[in-house]
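Beneath this line is the structure, given in structure tokens, with notes to follow.
Values in this document were obtained by computation on a predicted structure and should not be read as measured data.
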Amino acid sequence: MPKSRPASPRWALLLSFVVLFGCFIIPAVTVEHANFKKCHQSGFCKRNRAYADEVSAQGYSWNSPYELDAASIRFKDGQLQGTVVKTVSANEKVKLPLTISFLESGAARVTVDEEKRLKGDIELRHGSKVRKERYNEVEKWVLVGGLELSKSATLNPETESGLTKVLYGPENKFQAIIRHAPFDVQFQRDGQTHVQFNNKGYLNVEHWRPKVDHPEGDGEKEKEETWWEETFGGNTDSKPRGPESVGLDISFPGYSHVFGIPEHADSMSLKETRGGSGNHEEPYRMYNADVFEYETNSPMTLYGSIPFMQAHRKDSTVGVFWLNSAETWVDIVKTKSYPNPLALGVGAKTTTQTHWFSESGRLDVFVFFGPSPQEISKAYGELTGYSQLPQQFSLGYHQCRWNYVTDEDVREVDRKFDKYKIPYDVIWLDIEYTDGKKYFTWDPLTFPDPRGMQEQLDESERKLVIIIDPHIKVESGYPVVEELKSNGYATKSKDDNIYEGWCWPGSSHWVDCLNPEAAKWWAGLFPYDKFKDTLHNTFIWNDMNEPSVFNGPETTMPKDNVHHDNWEHRDIHNINGIALVNATYNGLLERKKGEIRRPFVLTRSYYAGAQRMSATWTGDNQASWEYLAISLPMVLNNGISGFPFIGADVGGFFGDPSKELLTRWYQAGIWYPFFRGHAHIDTRRREPYLIGDPYTAIIAQAIRLRYQLLPAWYTAFHEASVNGTPVVRPQFYVHPADESGFDIDDQLYLGSTGLLAKPVVSEGATSVDIYIADDEKYFDYFDYTIYQGAGKRHTVPAPLEKIPLLMQGGHIIPRKDRPRRSSGLMKWDPYTLVVALDKNGKADGTIYIDDGETFDYESGAYIHRRFSFQDSTLSSEDVGTKGPKTAKFLKSMEGVRIEKVVIVDPPKEWQEKSSVTVIENGAKAASTSPLEYFAQERGKAPFAILKDPNVGIGNTWSIEF
């Protein structure tokens, strides 16, 4: 949902007029750049960029002020500690405690703090009572494991003078080379440097110093103009601790592609940021914000921030995670070097140099060495948590708009989906369902019977999601705001009063979920006896939680606001959203004592770790082809950054899509892990059944394909929940050795299924060119046309009714072919296995099944099978781990069978076969149906169908053809 436009309470008088006027005229969509800072308007960004320019200009004559005191170095139990000394002048040296931790996982962690601030040996300005130390608690919200120190890490006995070397990682194949003066760190794998810290000399820790009043005209006064106060958008930031930014250059020698650091509406392979053809002029910014009508192909900040970057080259991936929740910018520059200057261009080596800087907090960076993308995902996931295993309904289609206006409106939409035989799982309510924008209430006039509405949805196993935002309306007698104030659970302003700003309800206070007691109170608002007239099929959407403040600087909260334990908002801004989500998640876990279910929470604002408890989306996009196109790299980038449960508003939030655009967007949306149609209140209604045929029929068919493949989707989500792999995967992730595919971000693979989709994202297109990296056979999903040829683009027909989708040979894909109204009604349906044979006549695949709702899978209540096909035999093997609830779950699934097996590209001699042999749980039984073989021409693979092999999905069996 977008922000509104007010700058003062006067807006309340104009609101009704603006909304009415907007019903007739939708304003031109363009981001208001004046509302958001560029680097030159952000004091610490400008200073750090200028520092980098100064260092670069001096080149080899630059004398870095940072030196590791050799006498301070201590190494014990996998951890090196020491003191980096910053020389300010001959008479002033600043001590910066250094810790480098070598972890059992093979990752390394580098932290740099500031001794004076740690000891509280500084003076705050303006009589402020905020904390004096640098913020060091972000890990409490983000890190959940993977911090065990290495037992085998050791000092390298071959250490040279002025260097300290540490061997670590698997078989001690990794090495950190720490240079004392100037201080820098090289991280090596197998004797080769992959990551460098401070190689360029951009390390910059803005130490505490007292404010000195300089006379007018003094150059120092101008230099220090943003050190002590900073004004933007009519708000002056008081900066009671003075300047305190941290900056560091991180280089990736030999790497020309870097990915990650979402959220930005940009390509997946990140662009350079120092200008030039095709490059950005601004650094990539991470400062969670409500960016109204954001633009594409931009490094501008958006709603979420994950400061995790991966560099990739042929057969090698490395990563860095910048653990800092303050405003952060990243510059990217790529340079080439030539081993032989006389042979220009021959053997050129690209190095990607990145420059990171945050406004406050300590320097805290993790380094991951892979070398595969999957190993990076696993190591990062061990640290910040793997993606949740969501309830299965949340993988279906979600129908939303701002707003369904009455409970009867909801019922009618529900009936219309059934009438037109379009499956869906969830319908959503935006802010208008509330009584006067007061959350945890229902409007008694427009939603007089919310229970009946939810009961109707429940008849078809459908769910309701309602919006709950963190701004609480200031209104006397409203119990929620009265409790918020009386208990001291609200965020405070710099003068120690409850902060009051402007959002949807008008004057509002903001809950401070960084306060454990406030978070507990917030969670306590969700039980059924507290949140009246909500049922078991009601779930929550946390929007506007950056937080969005209509009359605040950059549409958010002032940085000198104060949170629990006297931390400034500047310190915790980017984790503000997940603090709320964490409390909401806990509130949904047990809404009635003894009934624990997996929560579903959608969040707009996120940070690393949000994947453990929520889904997200790309925010308020627009109904245009360019926003459809940019959604693919945005979704893929989030996936490789550890947060795969993401989608984009299908059809575009702002504006009215053409029928062709809406149809193509649904065909693309079925490949988003989070699949939701959504629209602005001023747009025309666009439920799929309203668009008319042939478009309605084409959209319905696309949605049915999503439902058909739900077993594959759920299995992919299970993989993500145990090893951190993305649910949908970019080309480089699946083919890490194929350099031609590294910057491809408009096609994707679904989990480990071998399904390769390339949505149509341009108007009037009737075909797409799909890039195939390997020499394996790929089959059209629908008619089995064969595409083969490594390192080539293959033209695949894509008329409006056709979804470009290929199956890579060598995979077995589970699906359910019986159309139902919702995923919940498919629970006991039989399965179909599609076996796409590779060029050697082999294939394999997996399936994961549980109850899709509870946490019983943690006690063994699940089925996890591996299917394999070789030597003309298809078999099912148990790859799960038994637990106390395994037997009961298997018994409940006894009646769920495999009703069909489709083999694509079987041997020609199968034409003569008429029967198969089935062995289940050690007993032989003849199949009740003969094998049918279908020959095809014109480049299409033959296929065979075995109907009703009569084997259980949870049993061990083999089928001999």
Side-chain angles (χ1 to χ4, degrees), residues 386-398 423-426 461-463 539 597-600 611-612 614-615 635 639 643-647 669-676 703-729 748-755 757 811-820 822-834 844-858 860-867 876 878-881 889-890 892-893 896-898 953-954:
Y386 297 132
S387 179
Q388 63 172 324
L389 181 60
Q391 285 210 36
Q392 184 155 322
F393 80 80
S394 63
L395 308 190
Y397 173 58
H398 300 246
Y424 89 99
D425 265 79
V426 192
E461 295 277 351
R462 288 172 177 152
K463 319 297 179 187
F539 298 87
R597 295 291 183 270
R598 297 179 228 169
F600 173 78
Q611 67 271 10
R612 303 190 303 265
S614 59
V635 166
F643 195 0
F645 201 0
I646 183 173
I670 66 170
W671 305 113
Y672 300 154
F674 173 60
F675 176 32
R676 181 183 75 159
I703 296 174
R704 289 187 199 114
L705 176 59
R706 169 69 169 224
Y707 278 79
Q708 182 184 60
L709 290 171
L710 280 180
W713 278 99
Y714 198 61
T715 300
F717 267 89
H718 170 258
E719 288 182 52
S721 75
V722 297
N723 59 27
T725 51
V727 172
V728 290
R729 302 173 185 176
L748 55 86
Y749 286 85
L750 170 57
S752 301
T753 63
L755 286 170
H811 293 272
I812 299 175
I813 303 162
R815 71 188 195 197
K816 289 191 173 186
D817 288 351
R818 299 186 184 183
R820 300 287 187 185
S822 71
S823 65
L825 298 176
M826 298 167 64
K827 185 172 183 178
W828 309 110
D829 284 350
Y831 288 84
T832 291
L833 297 181
V834 179
D844 60 42
T846 60
I847 191 170
Y848 174 84
I849 306 165
D850 60 26
D851 64 20
E853 183 180 2
T854 73
F855 290 94
D856 285 355
Y857 66 88
E858 295 177 348
Y862 66 88
I863 292 169
H864 195 194
R865 311 291 303 184
R866 180 177 182 269
F867 306 118
S876 173
D878 185 9
V879 291
T881 301
F889 182 73
L890 288 176
S892 73
M893 295 291 291
V896 181
R897 320 293 285 172
I898 292 174
I953 191 65

Handout entry: Any side-chain donor near an acceptor of the partner, Ser822 and Arg462, under 3.5 Å
Key = no

Problem - Gln391 side chain to Arg598 backbone, donor-acceptor under 3.5 Å - result: yes

Completion exercise
All heavy atoms of Pro814 vs all of Ile847, minimum pair found to be CB-CD1, 3.6 Å

Fill in the blank from the handout: In terms of heavy-atom contacts, Ile849 and Tyr831 come closest through CD1-OH, 3.3 Å

Exercise for the section: Examine Phe600 together with His398 and report whether their ring centres are nearer than 6.0 Å. Expected result: yes

Handout entry: By side chain to side chain donor-acceptor pair (under 3.5 Å) - contacts of Arg706 (at least two apart)
Key = none

Exercise for the section: May I ask you to decide whether Glu853 forms a salt bridge with Lys827, counting only side-chain N to carboxylate O separations under 4.0 Å? Expected result: no

Exercise for the section: Tell me whether the centres of the aromatic rings in Phe645 and Phe717 are closer together than 6.0 Å. Expected result: yes

Practice task
Compare all side-chain heavy atoms of Arg865 with those of Asp878 and state whether any distance is below 4.5 angstrom.
Solution key: yes

Completion exercise
Output for pair (Leu710 CG, Leu705 CG), nearest 0.5 Å, gives 10.0 Å

Exercise for the section: Anything under 30° is parallel, anything over 60° is perpendicular, the rest tilted; go ahead and classify His718 against His864. Expected result: perpendicular

Exercise for the section: Report the distance from atom CG of Leu825 to atom CD of Glu461, rounding to the nearest 0.5 Å. Expected result: 5.5 Å

Fill in the blank from the handout: Value for OG1 (Thr854) from CZ (Arg597), rounded to nearest 0.5 Å, stands at 6.5 Å

Handout entry: Under 3.5 Å: donor-acceptor pair, side chain of Arg729, backbone of Gly751
Key = yes

Exercise for the section: Sort out for me which residue in Tyr862, Tyr857, Tyr714 forms a side chain to side chain donor-acceptor pair (under 3.5 Å) with Asp850. Expected result: Tyr714

Handout entry: Close side-chain approach of His811 to Ser752, heavy-atom, < 4.5 Å
Key = no

Practice task
Side-chain contact test, heavy atoms from C-beta onward, threshold under 4.5 Å: evaluate it for Ile813 versus Leu709 and give yes or no.
Solution key: yes

Problem - Salt-bridge present (Arg866, Asp844; N to O < 4.0 Å) - result: yes

Exercise for the section: Quick one: closest heavy-atom pair of Gly824 and Asp425, and the distance? Expected result: N-OD2, 4.1 Å

Problem - Chi angles and distances behind the side chain to side chain contact (heavy atoms under 4.5 Å, CB included) call for Met893, Trp828 - result: CA-CA 8 Å; Met893 295 291 291; Trp828 309 110; 3.8 Å; yes

Problem - Rounded distance [0.5 Å steps], CD1 in Ile646 versus OG in Ser614 - result: 10.5 Å

Handout entry: Closest non-hydrogen atom pair, Ile953 against Ile863
Key = O-CG2, 4.0 Å

Exercise for the section: Could you tell me the separation between the OH atom of Tyr397 and the CZ atom of Arg676, rounded to the nearest 0.5 Å? Expected result: 10.0 Å

Practice task
Examine distances only and state if a side-chain atom of Arg820 and a backbone atom of Met826 form a donor-acceptor pair shorter than 3.5 Å.
Solution key: no

Problem - Within-4.5 Å side-chain heavy-atom neighbours: Ser823 and Leu395 - result: no

Practice task
Identify, with sequence neighbours excluded, every residue that meets ring pair (Phe, Tyr, Trp, His ring centres under 6.0 Å) alongside Phe539.
Solution key: Phe393

Problem - Atom of Trp671, atom of Val728 and distance for their closest heavy-atom approach - result: O-CG1, 3.5 Å

Practice task
Give, for atom CG of Asp856 and atom CZ of Phe889, the distance between the pair rounded to the nearest 0.5 Å.
Solution key: 9.0 Å

Completion exercise
Scanning both residues in full, the closest heavy-atom pair of Pro644 with Ala720 reads CG-CB, 4.3 Å

Handout entry: Flag side-chain contact, heavy atom, 4.5 Å: Pro423 against Arg704
Key = yes

